[in-house]
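Below, chains carry the letters A, B, ... as their sequence lines are ordered, and counting in each starts from 1. Keep in mind that the numbers below use all heavy atoms, side chains included, and drop hydrogens, waters and symmetry copies.
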Protein chains: 4
Amino acid sequence: MKKNPSPLKSSKEALILDAALKTFKEKGLHKARMSDISKKARISYGLVYHYFKSKEDLFEAILNRWWQGLFEVMAKIREDGRGAPLELREIIDYFMDTYQDHPDLVNIFVTEISRSTANLTPKRLKNFQEFMFLTDGIMAAGQQAGVLRRDFKARYLTYIFLGALETFVSAMVLVDQKIKGNRQKERIAESILEVFLHGAGSRDKGKRS
Amino acid sequence: MKKNPSPLKSSKEALILDAALKTFKEKGLHKARMSDISKKARISYGLVYHYFKSKEDLFEAILNRWWQGLFEVMAKIREDGRGAPLELREIIDYFMDTYQDHPDLVNIFVTEISRSTANLTPKRLKNFQEFMFLTDGIMAAGQQAGVLRRDFKARYLTYIFLGALETFVSAMVLVDQKIKGNRQKERIAESILEVFLHGAGSRDKGKRS
Amino acid sequence: MKKNPSPLKSSKEALILDAALKTFKEKGLHKARMSDISKKARISYGLVYHYFKSKEDLFEAILNRWWQGLFEVMAKIREDGRGAPLELREIIDYFMDTYQDHPDLVNIFVTEISRSTANLTPKRLKNFQEFMFLTDGIMAAGQQAGVLRRDFKARYLTYIFLGALETFVSAMVLVDQKIKGNRQKERIAESILEVFLHGAGSRDKGKRS
Amino acid sequence: MKKNPSPLKSSKEALILDAALKTFKEKGLHKARMSDISKKARISYGLVYHYFKSKEDLFEAILNRWWQGLFEVMAKIREDGRGAPLELREIIDYFMDTYQDHPDLVNIFVTEISRSTANLTPKRLKNFQEFMFLTDGIMAAGQQAGVLRRDFKARYLTYIFLGALETFVSAMVLVDQKIKGNRQKERIAESILEVFLHGAGSRDKGKRS
DNA sequence: TATGAATGAGGGTTCATTCAT
DNA sequence: AATGAATGAACCCTCATTCAT
C-alpha cells in the first residue's frame, strides 16, 4: 500500500519526472535537453526513453499531474456547490497548495501552457479551454445567485480572476519566492479573492464611485 | 520627420521586423527559424544577418518596440499625475492600442517575456522589473491619495492589475480575436478597470461584506 | 533420434531461431530489432542473449541452417554422380523444398547474402564462393561429359543457372506465393531446368539458329 | 548548353550523388552514414541536406538515375519492335553499359532493390513491377511471333532471363570485376542471350532431348 | 546591398548489449 | 533459466551563423 504523496509507478519514473520538472522549469520546454534531465535524475541517457517515449511525452506526463489535480478540484467544487466566493477560493487554494509542494509545476503551467501559443497542442488547448469553461460556470452561477455583478460577461470575470491568480504565482515563481508557512499562503489567497470581489478601490468614502 | 507607418531606419529593416514579429508569434521564439522569417519577408536568407547580427538580436529589437512605447507612456503618466484610476487606464490603453495595431507584439510580450522564465535574460528581466516598479509607484500613490485600499501591499495590487490585463489580451490573442472598433475596446478597458477598482462582487445589497 | 519438427538443442532456442527468421525476413537484418525477435518468440528480452551472444551470432546460426543443408546436398550430389542435369535438378529441389518448409530462410539467403555486398563477412563470402565452386564443378563435369555446351566458361553457366533459380524463388517470396502442392513445385523446377538446358528459343523450326 | 553525360543541376549535387553511390555500394543503405557520404564528397555534413532532404531522398535520387535510364530503353525498345532476341539484347546492353560507367549503380539496384524485401517501398515496388511487366511484354510478343517457346508462361521466362542477367552483374560486382573493353562486354552479353535462347545443353547430338 | 551556398555543433531518438535479481 | 531495467554509443536531422560572390 502506497502512502507516498507522489506514489508513481516506479521510483525511477518518479525520479525522472521530478528531474524533468525542474529542468523544464529552469530552461523551458525547448531548451531543456534530455541529457540535462537524465543527468539531474542521475540515471543514464537511455533510461528516460525506457519510461517515456519522447520528450513531448514526458512533458505531457508532467502536465497531466497538474490537469488531473485541477479537474478533480473542479469536480469537487461543482458537487459541493458552496457558492462562487468559496468556490473561487478553492481554485486559488489548489494553485497555492500545488505551488507549495511543486512550485515548478505551477510555473510550467503558467509559462508553457497558459500563455504559450507556441507549445499549445490541440490536446493542451482542450484542457485549457475546459478549465476556462468550468470557471465560467462558477462565475455565471455567482451572477445568477446575485453574488457577482451582472454587468460583465462571465467570461470577462474569468479572465480577470485567473489573470490575477496566475500573475501572482508567476511572479512568485519569478523571484523563486517560497511561501513561508500557511499564514502567508492565507494572506495571499485572501488578497486575491478580496480584490477580485470587492475591488482595489478604497472604501474610505463608504460608497463606490 | 517620419512618414512611414512603420518608420524604421530602412524599409528592408522594417520588413524583416514585421516578418519576425509574425513568425515569433506563430511559432514562438525557439521554433521560429531565420529562414521562416526571411521567407515571410520575401528577402534572401542572408540579408537578415545584414541588418541583425543574430536571432537574439532581432528578437531584442522587437521587444524594444514594445518597451520603448510602454516606458514613454509610463513617463508621460508620471508627468501628468492624473491619479491612479486614470493612470491605470492609460496603461490599459497602451496595451489595447498596441494590440489593435500589432496584436502579435502584445502576444510576444505576454508569452515570451512576461511569463517565460526560460527566455528571461538579465536585460529583459530588468525592463520587466522596472515596469513593475513603475506600476507599484502608481499603486502606492493611489493608496497615499486614498483612492486605493491600503490593506494590501502595492505590489499585490500590481500583480492583480497586470495579471487581469495580460490575461485579457492573452486570451484575445489565443483566439485571434480582432477588436471590433473603438466601442469594444472601450468596453474591455472599462471592465478591467472597473472590476479592479470595485470588484466583481455584486453591489445589489448596497454594501460589501 | 530427432522427433521435433524443428529439432534444436533446446525448445527455447528453436523458438528464438524461428522468430528471428521471420523477423529478419520481414524487416531485413538491419531493421530487425532484438526486441522484435523476443516479442515474436514470446520470451523476455534478455533471454535471447542467453542463447545467442549477439544479433550477428543469431543471424549466423540461421544461415548455418541453410548452408549446412545445402552443402549436405552438394556432397550427396558429388557422391552419386548422376550427371549434370539430374544434379542441377537436385539443387533446384533443395531450394524448392526449403522454400516450402521455410520460405523465409530462402528469402534471407537470397536477399541478405546472395546479393548483399554490405552484409558479406569473410566467412559468409567463403561459404558462398564454395557453393559457386561446387556448382562450377557440376557444370564442368557436364561439359566434360558432353551434356553441356563448352563454348562458355563453366562459371558463366553457373551464374546463369543460379541466377534463374534465385530469381524464381526471390519473386515467389516477394509476392509471398505459396507453392500449391508438389505438382506446381515440379512444374517450376522443370521449367527452370528445361530453359536452362534447352533455351527459351522456339523449337518450332526443328533447329536452332 | 550541357554536354556532360551526367549533367546534374549543380556540381555539388553531382558530387554528393557520386559519393553516396559509392558509399551505399560499400556499406549498403543502412550502414552508410550521412557523414560517410559528406566525407567522401569532401563537403560539410550539412550541405548534403541542402541538396537532399533526407537519406532516403538521396537514395531515391540515385535509384531514379537507374530507373529513368532503364525505362527510356524500354520505351525505345517498344517503339522499335525489333523482335524479342534483339530487344532482350538491348536490356542486357543497358545493364552492361551502366555497369561500365557506374558499376555501383547496378550493384545497388541488384542488392538493395531487386532482392531486398526490407528496402522495398511501395514506390520502388511499383517501378520494379512495371519493369517486370514490360519484360513480360517482350516475352509474350516473342512467343506470339514464334521465336520463344510457348510451353512456359511469359512471366517464367522473364524470371529466368532477368535472374541470369542480374546474377551476372551481381557476381561481377561482388568481385569488383572491371569489364575489360567492349570485347568482353560483347562476349558476356552474348553468352547470356545465347544460353537463354538456346540453352546450356550441348548441341553435339544435333537435337534436344 | 543582396544572395544563397556552405558549415558544423547540437540534440532527439534508437537499440544492441549488459547486469542485477 | 529467465526477466526487463539500465547503459551509452551511434546516427539522422536541424538550423543559426558565416562566407564567397
**Item:** Expected output: side-chain Glu112(C) to main-chain Leu29(C) donor-acceptor under 3.5 Å
**Value:** yes

**Prompt:** Does the side chain of Asn119(A) pick up a donor-acceptor pair with the side chain of His30(A) at under 3.5 Å?
**Reply:** yes

**Item:** Under-4.0 Å side-chain N/O to phosphate OP1/OP2 contact, Ser44(A) with dA6(F)
**Value:** no

**Prompt:** Expressed in angstrom and rounded to an integer, what is the separation of Asp36(A) atom CG from dG11(E) atom P?
**Reply:** 8 Å

**Complementary nucleotide of dT17(E), counting Watson-Crick and G-U pairs under 3.5 Å** = dA6(F)

**Message:** Within the 4.0 Å heavy-atom criterion, would you say Phe52(A) contacts the bases, only the backbone, or no part of the nucleic acid?
**Reply:** nothing

**Item:** Atom pair distance, as rounded to whole Å: CZ in Phe59(D) and C1' in dC12(F)
**Value:** 17 Å

**Request:** Please state whether the phosphate of dA2(F), meaning OP1 or OP2, lies under 4.0 angstrom from any side-chain nitrogen or oxygen of Tyr51(C).
**Result:** yes

**Complete:** As its Watson-Crick or G-U partner within any shown strand, both distances under 3.5 Å, dA1(F) has none

**Message:** What I want to check is whether the side chains of Asp18(C) and His102(C) have a donor and an acceptor closer together than 3.5 Å.
**Reply:** no

**Message:** Need to verify one output field. Residue with the more 5' nearest nucleotide on DNA chain F, Arg42(A) or Val48(C)?
**Reply:** Val48(C)

**Asked** What string of B, S and - do you get for nucleotides 13-21 of chain E 5' to 3' if you count protein non-hydrogen atoms under 4.0 Å?
**Response** BBSBBB---

**Asked** Under 4.0 Å between a side-chain N/O of His50(A) and OP1 or OP2 of dA5(F), yes or no?
**Response** yes

**Prompt:** Under 4.0 Å: is that the gap between some side-chain N or O of Lys12(D) and OP1 or OP2 of dA5(E)?
**Reply:** no

**Asked** Counting distance only, does the side-chain N/O of Asp57(A) pair as donor-acceptor with the main-chain N or O of Lys53(A) below 3.5 Å?
**Response** yes

**Request:** Answer yes or no: is there a donor N or O on one side and an acceptor on the other, between the side chain of Lys55(D) and the main chain of Ala32(D), under 3.5 Å?
**Result:** yes

**Prompt:** Does any N or O in the side chain of Asn64(C) come within less than 3.5 Å of the main-chain N or O of Ala61(C), such that one atom is a donor and the other an acceptor?
**Reply:** no

